[in-house]
Every structure is written in structure tokens, then in C-alpha cells.
Number of protein chains: 2
Amino acid sequence: MSATLVPVFAALADQTRWDILSRLGARELSASALAAELPVSRQAIAKHLAALAEVGLVEPERHGREIRYRALGARLSEVALQLDRIGAKWDTRLARIRAIAERL
Amino acid sequence: MSATLVPVFAALADQTRWDILSRLGARELSASALAAELPVSRQAIAKHLAALAEVGLVEPERHGREIRYRALGARLSEVALQLDRIGAKWDTRLARIRAIAERL
DNA sequence: AGAAACTGCAACCGTGTGGTTGCATTCCGC
DNA sequence: GCGGAATGCAACCACACGGTTGCAGTTTCT
């Protein structure tokens with residue numbers, strides 16, 4: 001059910017990737033451009049972008065000789081929806097148990 | 001802004017922890033009880049439960065000589081809401097840029 | 001055509017972490 | 001009170017992963 005979610009969370013469980021995502025959320029940038037703004041090497045950025053693209057959080061687009069990436073908010077919202085559903089399910093379960101307990 | 005979210009995603013980026021969470025979503029269980037259902041040792045489960053409790057996804061409750069845990073769906077939904085907000089912000093940014101581009 | 005700039009690939013390193021085993025400890029029940 | 005069943009703590013291990021450096025391959029602009 002949520003097995004496919006784990007890789008997405010793995011991708012989101014890193015501060016550097018959030019630094020990247022927040023910048024890509026504002027405007028499209030290449031790996032080199034990101035490396036100029038962040039305190040890590042371009043190759044590290046490239047790995048992060050590959051990881052983010054793997055789970056659909058980011059999308060590459062050739063633009064001349066550089067490749068710009070953009071953050072996909074729709075994908076993030078999609079994950080958020082699944083999370084919310086799971087959380088809601090847990091709570092309804094508990095609510096049911098509480099109701100039974102009160103009846104006794 | 002989202003700095004406080006990273007530890008939560010780190011907690012969610014593990015299949016075993018999802019196995020634990022899905023069981024705790026159905027009913028409260030102790031570490032030993034979970035260890036009986038999952039193919040890992042009790043101590044491993046205890047570590048996972050500590051990690052999950054650390055980010056508020058799970059809550060312990062003494063019940064006799066055992067400690068039962070329950071999954072907190074509200075916390076998960078809270079995270080989902082923050083995620084959705086961030087995703088929406090990215091998309092509005094892009095929409096604004098597209099609007100400007102079309103005007104030119 | 002050639003130089004500059006950007007991307008891609010590979011090897012390597014240190015650390016964080018999921019997992020284990022072993023033992024100490026606490027607490028219920030007979 | 002004592003034995004058993006639960007948790008807690010510590011040391012240890014293997015592997016994944018974030019990061020680096022170095023070099024090769026492409027594409028563009030003059």
C-alpha cells in the first residue's frame with residue numbers, strides 16, 4: 001500500500017536535498033548553478049538531482065548546453081494526500097476502539 | 001521553514017518502521033508483541049519505536065508490566081498538510097513565471 | 001576548428017544507521 | 001519472596017550513502 005512511499009521519504013530525508021528543492025521551487029536551475037549557491041560540489045548536487053528525479057520530485061529539461069531542473073509541487077501534494085489518508089485511517093481505527101471501550 | 005520536517009522523513013524512510021506503524025495503526029502493541037510478528041529482534045523494534053516517538057509519530061503507554069505503543073494519525077496528517085503547502089507554493093511560483101512568459 | 005563551460009562516470013572515503021547479541025534491570029504474578 | 005516476562009543499555013558489525021576528487025565526453029559560441 002505505502003511501500004512505494006518509502007523511496008520518496010528517503011529522498012526527502014536530507015537537508016541538502018531540501019536546500020535544492022527550495023531553490024528549484026523558486027526558479028529552474030542547472031546542477032552547476034545550484035553548486036554555485038550551495039556548499040557542496042557539483043557532483044554531489046548531480047547525485048541529489050538524480051535521486052529526486054527518481055521519485056518524481058524534480059524534472060530535467062535541456063536548455064541549450066545546460067540542463068535545468070524544476071521542482072514538481074504536484075508530486076509533493078500527491079504524497080501529502082496519501083500520507084493524510086493513512087493518518088486518517090489510523091485515527092478512525094482508534095476512534096472505533098475508544099467507542100467500544102466507552103460502551104463497556 | 002521545513003528544517004523540522006527532515007527528521008520526520010528520516011523516520012518514515014524505512015520499510016520496517018512502516019511495518020510497525022501499520023500494525024500500530026490497527027491496534028496498540030508492545031515492543032515484544034511487535035517482535036513476535038516481524039522478522040527482526042525486539043531490540044531493533046525498540047530502536048525503531050524510539051525513533052518514531054522522537055518525531056511524534058508514536059506514543060508509549062505503560063500498561064501493567066508492558067509498554068504499548070499507538071500510532072498518532074494526527075501527527076501524520078499534520079506533516080501531510082505542511083507538505084501540501086510547500087508543493088502548492090512551488091506550483092504557484094511556476095504559474096506566476098509562466099504567466100509572465102506568456103505576456104512577453 | 002578550438003576553447004570554454006557544462007554534464008557524466010568511476011573510484012574512493014568516513015560516517016550514520018539498521019541490525020545483532022549479551023547482559024542488567026524492573027515489574028507482575030503465584 | 002522468587003521466578004519469569006517484560007524493558008533498557010552497551011558494544012559491535014555490515015552496509016548504504018553523502019561527499020569528494022579526477023577525468024572523459026558534449027555542446028555551444030567565437
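From a predicted model like this one, the values you see are computed outputs, not experimental measurements. Labels below follow one simple rule: chain letters A, B, ... track the order of the sequence lines, proteins then strands, and each chain is numbered from 1.
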Trainee: Between the base of C/dG18 and the side chain of B/Q15, is there a donor-acceptor distance below 3.5 Å?
Mentor: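 Such a pair does not exist between side chain and base.
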Trainee: Of all heavy-atom pairs between A/Y69 and A/V58, which one has the smallest distance, and what is that distance?
Mentor: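 Looking at all heavy atoms of both residues, the shortest contact is CD2-CG1, 3.4 Å.
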Trainee: Calculate the interatomic distance between A/I45 atom CD1 and C/dT7 atom P; express it in whole Å.
Mentor: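 After rounding, the gap between these two atoms is 11 Å.
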Trainee: If I take atom CZ in residue B/R68 and atom P in nucleotide D/dT7, what distance separates them, rounded to the nearest angstrom?
Mentor: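 Distance check: B/R68 CZ to D/dT7 P gives 11 Å.
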Trainee: Can you check whether A/A13's main-chain N or O pairs, donor with acceptor, with A/R17's side chain at less than 3.5 Å?
Mentor: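 Absent.
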Trainee: Within the modelled atom types, does a donor on one side and an acceptor on the other bring the side chain of A/R42 and the base of D/dG19 under 3.5 Å apart?
Mentor: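 A donor-acceptor contact between them is absent.
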Trainee: In whole Å, I'd like the distance from the CG atom of B/D14 to the C1' atom of D/dC17.
Mentor: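 Atom CG in B/D14 sits about 14 Å away from atom C1' in D/dC17.
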Trainee: With respect to the phosphate group of C/dT7, does any side-chain polar atom (N or O) of A/S30 fall under 4.0 Å of OP1 or OP2?
Mentor: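 Checking C/dT7 against A/S30, a side-chain N or O does come within under 4.0 Å of OP1 or OP2.
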Trainee: Given that A/A10 and B/A33 both sit by DNA chain D, which one's nearest nucleotide is further toward the 5' end?
Mentor: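 Between the two, 5'-proximity favours B/A33.
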Trainee: Quickly work out the A/L52 CG to D/dG18 P distance and round it to whole Å.
Mentor: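 Atom CG in A/L52 sits about 10 Å away from atom P in D/dG18.
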Trainee: Check this one for me: any side-chain N or O of B/S41 less than 4.0 Å away from OP1 or OP2 of C/dT20?
Mentor: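 Checking B/S41 against C/dT20: at least one side-chain N or O falls below 4.0 Å of OP1 or OP2.
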Trainee: When you measure from the side chain of B/A44, which nucleotide among C/dT20, D/dG19, D/dT7 comes out closest?
Mentor: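 Per side-chain heavy atoms of B/A44, the pick is C/dT20.
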Trainee: Please confirm whether any donor atom in the side chain of B/Q43 sits under 3.5 Å from an acceptor in the base of C/dG18, or the reverse.
Mentor: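 Donor-acceptor pair under 3.5 Å: no.
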Trainee: Between atom NE2 in A/H63 and atom P in D/dT28, what is the gap in whole Å?
Mentor: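 A/H63 atom NE2 is separated from D/dT28 atom P by 12 Å.
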Trainee: Which comes earlier along DNA chain C counting from the 5' end, the contact point of B/R65 or that of B/P39, where each point is its nearest nucleotide?
Mentor: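 Looking at the nearest nucleotide for each, B/P39 comes out on the 5' side.
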Trainee: Closer to the 5' end of DNA chain C via nearest nucleotide, is it B/A51 or B/R62?
Mentor: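 Here B/A51 is the residue nearer the 5' end.
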Trainee: Once you apply a heavy-atom cut-off of 4.0 Å, does B/R17 come out as touching a base, just sugar-phosphate, or nothing?
Mentor: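 Result for B/R17 = sugar-phosphate.
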Trainee: Heavy atoms from C-beta onward define the side chain here; which of D/dG18, C/dT20, C/dT7 lies closest to that of B/K47?
Mentor: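 Side chain of B/K47 sits closest to C/dT20.
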Trainee: For B/T16 and C/dG19, is the shortest distance between a side-chain N/O and OP1 or OP2 below 4.0 Å?
Mentor: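 True: B/T16 side-chain N/O within range (under 4.0 Å) of C/dG19 OP1/OP2.
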Trainee: Answer with base, sugar-phosphate or nothing: what part of the nucleic acid does B/A31 contact at a heavy-atom distance below 4.0 Å?
Mentor: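 Contact class for B/A31: sugar-phosphate only.
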Trainee: Please determine, for the side chain of A/I67, which listed nucleotide (C/dT21, C/dG8, D/dA11) has the closest atom?
Mentor: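 Given the options C/dT21, C/dG8, D/dA11, the side chain of A/I67 is closest to C/dG8.
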Trainee: Take atom CZ in A/R85; do more than 12 heavy atoms of anything else shown fall under 6.0 Å from it?
Mentor: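 Incorrect, the count does not exceed 12.
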Trainee: What's the CG-P distance between B/L29 and D/dT7, to the nearest Å?
Mentor: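 Checked: the CG to P distance equals 11 Å.
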Trainee: Atom CG of B/L49 to atom P of D/dA6: distance rounded to whole Å?
Mentor: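 Computing the B/L49:CG to D/dA6:P distance gives 15 Å.
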Trainee: Is A/W18 reaching over with its side chain to a backbone N or O of B/V6, donor-acceptor style, under 3.5 angstrom?
Mentor: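 A pair under 3.5 Å: no.
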Trainee: I'd like to know if B/E37 and B/R27 make a salt bridge, using a cut-off of under 4.0 Å between side-chain N and carboxylate O.
Mentor: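 The answer is yes: the pair qualifies as a salt bridge.
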Trainee: Taking NZ, NE, NH1 and NH2 as the nitrogens, is one of them in A/R70 or A/E28 under 4.0 Å from a carboxylate oxygen of the other?
Mentor: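 So A/R70 pairs with A/E28 through a salt bridge.
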